[in-house]
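Let me begin by presenting the structure, written as structure tokens, before commenting on it.
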Amino acid sequence: MRDLRNPHASSAFLNLIGFVSRRELKYIDEVQQISLEDALSSQEVEVAYICSESTSHEDYIRQFLNAGKHVLVEYPMTLSRAAAQDLWELAEQKGKVLHEEHVELLMEEFTFLKKEVMGKDLLKGSLLFTAGPLEEERFGFPAFSGISRLTWLVSLFGELSLVSATLEERKEDQYMKMTVCLETENKRPLTWIEEKGPGLKRNRYLSFHFKSGSLENIPNVGINKNIFLKDQNIFVQKLLGQFSEKELAAEKKRILHCLWLAEEIQKCCR
């Protein structure tokens, strides 16, 4: 929970008032734990940062917007396109900023990819992400919990259409593999795979083939520094009215498109 005291401030000048948690923590780095009710009702609290399980995002966003607070929320902001659209309309009615965090677009790897892909004619591509088990009950269907990978593909190649999607599950082994076949507007195939289970290391493998050559995985392009702070700065710029309507509309369109795709993938798999 933050108090925006300085109208010309960057995120470095946001004052952290307190935090809300289901656990009894009392203090973290001298910051006091407060109740959800106090956070919602306090005149001091002007901004809420929501970093809870994905399944709880929609409810918390709605509560804070209705209480007259600006909101920054981790992706995905909701588990449906319709809910996200509804929350943005609520934010507009309340005159508040609703910002979905997208640190994956601030990573050095993505910056490298963006430069590599620019101006090239894609023939086909694939993106595989592996990691340990993740609870769907808390973080949503894999197309939602893995939406940062989908956001990469949409940001690199434009709006996509769904061709097919399958989900292999062995719940007793905490294993799952989601395979999604997508197409660009030029009918170029893209395959997105999320594979999670015990013993699988967090890793990303990609292969993009262009008329001019191929890109197999990403070289070591450096450490991702302060990406959460960079995203927070983007949020503050929105609070200060430093984003154009065109920029905001483009971001909203991308986020809603990714949520729509995730929903369609879930329907196809289930």
Side-chain angles (χ1 to χ4, degrees), residues 51 54 74-76 100-134 139-163 165-168 175-234 250-251 253-255 257-259 261-262 265:
C51 36
S54 304
E74 291 179 316
Y75 63 76
E100 184 182 62
E101 170 200 88
H102 276 286
V103 293
E104 79 279 13
L105 298 180
L106 302 172
M107 296 171 70
E108 295 296 330
E109 293 95 327
F110 181 76
T111 301
F112 169 83
L113 276 179
K114 194 79 173 172
K115 290 177 182 176
E116 286 292 310
V117 165
M118 191 176 296
K120 293 182 179 178
D121 190 357
L122 179 74
L123 296 176
K124 64 178 181 178
S126 64
L127 174 59
L128 163 65
F129 180 77
T130 61
L134 195 65
F139 298 100
F141 186 77
F144 287 99
S145 60
I147 206 164
S148 64
R149 267 74 68 189
L150 187 56
T151 301
W152 262 29
L153 293 176
V154 169
S155 299
L156 290 171
F157 302 111
E159 292 195 350
L160 305 172
S161 56
L162 176 63
V163 177
T166 59
L167 180 68
E168 176 191 348
Y175 174 84
M176 80 86 202
K177 183 179 182 181
M178 180 185 73
T179 304
V180 181
C181 296
L182 302 158
E183 268 187 351
T184 67
E185 290 182 339
N186 294 328
K187 303 296 182 183
R188 303 303 192 187
L190 284 168
T191 303
W192 170 34
I193 299 171
E194 294 275 311
E195 187 174 17
K196 295 177 181 177
L200 288 176
K201 292 183 178 180
R202 187 179 180 87
N203 223 325
R204 190 187 299 106
Y205 308 90
L206 59 85
S207 175
F208 295 140
H209 298 273
F210 306 96
K211 283 186 176 180
S212 57
S214 299
L215 176 64
E216 300 285 345
N217 293 316
I218 306 173
N220 187 350
V221 290
I223 299 170
N224 293 307
K225 293 182 179 179
N226 302 319
I227 55 175
F228 291 96
L229 181 59
K230 289 175 182 176
D231 187 90
Q232 187 173 282
N233 282 333
I234 292 170
E251 180 185 61
K253 183 181 180 184
R254 186 202 73 229
I255 290 170
H257 178 67
C258 289
L259 288 172
L261 274 176
I265 292 166

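Just so it is clear, the values below take in all heavy atoms, side chains as well, and ignore hydrogens, waters and symmetry mates.
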Open item on the list: side chain to side chain contact (heavy atoms under 4.5 Å, CB included), that's the test. Do Glu108 and Ile223 meet it? Break it down for me.
Closed with: CA-CA 7 Å; Glu108 295 296 330; Ile223 299 170; over 6 Å; no
Open item on the list: Would Leu113 and Leu215 count as a side chain to side chain contact (heavy atoms under 4.5 Å, CB included) here? Give the steps.
Closed with: CA-CA 9 Å; Leu113 276 179; Leu215 176 64; 3.4 Å; yes
TODO: Kindly determine whether Thr151 and Arg254 satisfy side chain to side chain contact (heavy atoms under 4.5 Å, CB included), including the steps that lead there.
DONE: CA-CA 8 Å; Thr151 301; Arg254 186 202 73 229; 3.7 Å; yes
Open item on the list: Assess the residue pair Leu127 and Ile193 against the criterion (side chain to side chain contact (heavy atoms under 4.5 Å, CB included)); give the C-alpha distance rounded to whole Å, side-chain angles, the decisive distance to 0.1 Å, and a yes or no.
Closed with: CA-CA 6 Å; Leu127 174 59; Ile193 299 171; over 6 Å; no
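A pairwise comparison of heavy atoms in Pro76 and Ile147 identifies CB-CG2, 4.2 Å as the closest pair. Contact record, Arg204 with Met107: NH2-CE, 3.7 Å, taken as the closest heavy-atom pair. Residues Ser145 and Leu134 come closest through the heavy atom pair CB-CD2, 3.6 Å. Summarising the geometry of Leu156 relative to Val117, their closest heavy-atom pair is O-CG1, 3.8 Å, with the distance given to 0.1 Å. The minimum heavy-atom distance linking Leu160 with Leu261 is given by the pair O-CD2, 3.7 Å. The shortest heavy-atom contact between Leu105 and Ser155 is CD2-OG, 3.7 Å.
Listed by chain and residue number, nothing satisfies the side-chain hydrogen bond (donor to acceptor under 3.5 Å, both in side chains) test with Glu159 (two or more places apart in sequence, or in another chain). Checked against ring pair (Phe, Tyr, Trp, His ring centres under 6.0 Å), Phe129 has no partners two or more places apart in sequence or in another chain. Every residue was checked against the side-chain hydrogen bond (donor to acceptor under 3.5 Å, both in side chains) condition with Asn217, not counting sequence neighbours, and none meets it. In this view, Trp192 satisfies the ring pair (Phe, Tyr, Trp, His ring centres under 6.0 Å) rule with no residue, not counting sequence neighbours. Phe141 meets the ring pair (Phe, Tyr, Trp, His ring centres under 6.0 Å) test with no other residue; sequence neighbours excluded. With sequence neighbours left out, the side-chain hydrogen bond (donor to acceptor under 3.5 Å, both in side chains) criterion links His102 to Glu100, Glu104. Scored by the side-chain hydrogen bond (donor to acceptor under 3.5 Å, both in side chains) test, Glu251 finds Lys238 as partners (sequence neighbours excluded). For Glu109, there are no salt bridge (Lys or Arg N to Asp or Glu O under 4.0 Å) partners two or more places apart in sequence or in a different chain. For Cys181, the side-chain contact (heavy atoms from CB on, under 4.5 Å) criterion is met by Val163, Ser164, not counting sequence neighbours.
At most 12 non-hydrogen atoms from other residues, nucleotides or ligands lie less than 6.0 angstrom from NZ of Lys253.
Judged as a side-chain hydrogen bond (donor to acceptor under 3.5 Å, both in side chains), the pairs with a partner in residues 116-131 (not counting sequence neighbours) are, in order, Asp121-Lys211. Within the structure, side-chain hydrogen bond (donor to acceptor under 3.5 Å, both in side chains) pairs that include any residue of residues 176-188 do not occur (at least two apart or interchain). Among pairs with a residue in residues 190-201, those fulfilling salt bridge (charged side-chain N to carboxylate O under 4.0 Å, His left out) read Arg149-Glu194, Glu194-Lys196, at least two apart in sequence or across chains.
Between Leu190 and Leu122 the shortest side-chain heavy-atom distance falls below 4.5 Å. Looking at heavy atoms from C-beta onward, Phe144 lies out of side-chain contact with Ile265 at the 4.5 angstrom threshold. Between Leu206 and Leu128 the shortest side-chain heavy-atom distance does not fall below 4.5 Å. In this structure, the side chains of Phe208 and Phe157 come closer than 4.5 Å at one or more pairs of heavy atoms. Looking only at side-chain heavy atoms (C-beta outward), His257 and Ile255 stay at 4.5 Å or farther from each other. In this structure the side chain of Pro133 reaches within 4.5 angstrom of the side chain of Pro198, judged on heavy atoms. For the pair Tyr75/Ser148, a side-chain contact is recorded, criterion being any heavy-atom separation below 4.5 Å from C-beta on.
Interatomic distance, CD of Gln232 versus CZ of Phe228, reported as 11.0 Å (0.5 Å rounding). Between the CG atom of Leu106 and the CG atom of Asn226 there is a distance of 11.0 Å, given to the nearest 0.5 Å.
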